[in-house]
Number of protein chains: 2
Amino acid sequence: MPKRNCQGQGWWHGKFRGCGYRLTAGREVILDILSKSQGHLSAEDIYMKVHPKYPNIGLTTIYRTLDVLSNLGMVYKLDFGDGRARYEFAEGPKGAHHHHHLVCTDCNRVVDYADFINEEIELLRQTEKGLGAKYNFKITDHVIQFYGLCGKCSTKK
Amino acid sequence: MPKRNCQGQGWWHGKFRGCGYRLTAGREVILDILSKSQGHLSAEDIYMKVHPKYPNIGLTTIYRTLDVLSNLGMVYKLDFGDGRARYEFAEGPKGAHHHHHLVCTDCNRVVDYADFINEEIELLRQTEKGLGAKYNFKITDHVIQFYGLCGKCSTKK
DNA sequence: CTCCTTAATGAAAATGATTTCCATTTCTAA
DNA sequence: TTAGAAATGGAAATCATTTTCATTAAGGAG
Ligand SMILES: [Mn+2]
Ligand SMILES: [Mn+2]
Ligand SMILES: [Zn+2]
Ligand SMILES: [Zn+2]
């Protein structure tokens, strides 16, 4: 008798197993939530969303899973300066849609943007090459964020 | 009889008073340390350096003063992802020497750089204008940081 | 210079996100 | 089935930063 639904496991099954991780029920729920959510969720946000589907999960497991996902490159861990880490699904196997962030310092609204991304990418390439050589750094990552006031916050007095 | 040393108060006396702040002994010592230190100091680092000159100061006052200085624009508050804020003197009245950072994810070494700053500034200008208009944001600040391994850390296996 | 109002201070306690511990459960490969 | 490894959850620990509150000290008015 064949397994009911082999597809149910999603494309990431292989990714987990290939790295020696086990794809547990908790992890699947977390991944499911993450892949379907827009925005930039805190561990607590994720906990809240996972809980109804998996009431026994502990916040500790959320943190641990997020750490694994982050190391696997499946999730980006972000810091917008509000005292808690935020997580964002890094898109499917086709690769991530690279973008940066615009953050409202008043209401914490976050806008994804990719408008000037080509120029940015080019600048990043140059900078990584130039600085890497000059300071003997092996650059692997970068953060570009803009801070300011969103429309609502700049008008409301 | 003239005051012994009116200059002793430094150029920031006016800046404080102008904003309704009092220039206390503790604040002066902190400002003095900060202005003479290279690098990116944590509140605790500053506390350690201030303590010998002003043994009664409390860490709380360090935090509070740093907050004031940061609001006055005299100090930059930075986050390199190591779980504590870092502070850097924003240069004298002549204006800050704008730079960005290269951070080693292994030993936390931080390098200031301004090498590609012209291209970066131009990109920032464009981006701030373009994104500000498109998303109706009043952009006031940005963060650009590169992460990777410094020379030492990338060689030591 | 002295007084008075109020900002500033320091010690201790509180906060709160994240981590660590550890006993228990679940996988997995043989 | 079974032993070893990985994962889990609840409670306790961490630890940078903030809050509270009683006390002190700027600095303007007189
Ligand atoms: Mn995003
Ligand atoms: Mn710097
Ligand atoms: Zn806003
Ligand atoms: Zn290093």
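Here is how names work: the chains are called A, B, and so on, in the same order as the sequence lines, proteins then strands, and each is numbered from 1.
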Nearest whole Å is fine: how far is dA17(C) P from Leu66(A) CG?
15 Å

I need the CZ-C1' distance between Arg17(A) and dT26(C), as an integer number of Å.
13 Å

Donor-acceptor side-chain pairing of His100(B) and Glu120(B) below 3.5 angstrom:
yes

Give a yes/no on whether any side-chain N or O of Arg27(B) is located under 4.0 angstrom from OP1 or OP2 of dT9(C).
yes

Tell me which of Gly26(B) and Thr60(B) sits closer to the 5' end of DNA chain C, going by the nucleotide each one is nearest to.
Gly26(B)

Atom CG of Leu41(B) and atom P of dT17(D): how far apart are they, to the nearest Å?
13 Å

Evaluate the ring planes of His142(A) and His98(A), with Trp represented by its six-membered ring, and classify them as parallel (under 30°), tilted (30 to 60°) or perpendicular (over 60°).
parallel

Classify the side chain of Arg64(A) and the base of dG9(D) as holding, or not holding, a donor-acceptor pair under 3.5 Å.
yes

Contact class for Arg84(A) (heavy atom, under 4.0 Å): base, sugar-phosphate, or nothing?
sugar-phosphate

Answer yes or no: does a side-chain N or O of Arg22(B) lie under 4.0 Å from OP1 or OP2 of dT24(D)?
no

Paired with Tyr54(A), the side chain to side chain contact (heavy atoms under 4.5 Å, CB included) test is passed by just one of Thr61(A), Ile33(A), Val29(A), namely Val29(A)

Heavy atoms of Leu149(B) and Ser154(B) approach each other most closely as CB-CB, 3.9 Å

Regarding Ala25(B), tell me which of base, sugar-phosphate or nothing describes its non-hydrogen contacts under 4.0 Å with the strands shown.
nothing

Residue Thr61(A), side-chain heavy atoms: nucleotide from dT9(C), dG27(D), dG9(D) that is nearest
dG9(D)

Take the protein atom OH of Tyr47(A) and the nucleotide atom P of dG16(C), then report the distance between them rounded to whole Å.
17 Å

Output the rounded distance in Å from CG (Asp67(B)) to C1' (dA8(C)).
14 Å

CG of Asn56(A) versus C1' of dT26(C): gap in Å, rounded?
14 Å

Parallel, tilted or perpendicular, as decided by the 30° and 60° cut-offs, for the rings of His101(B) and His99(B)
perpendicular

Interatomic distance, Asp79(B) CG vs dA16(D) P [rounded to whole Å]:
14 Å

Note: for Ile57(A) and Tyr63(B) on DNA chain D, the residue whose nearest nucleotide lies more 5' is Ile57(A)

By the 4.0 Å heavy-atom rule, please label Thr24(B) as base, sugar-phosphate, or nothing.
sugar-phosphate

Atom OH of Tyr54(A) and atom C1' of dT25(C): how far apart are they, to the nearest Å?
10 Å

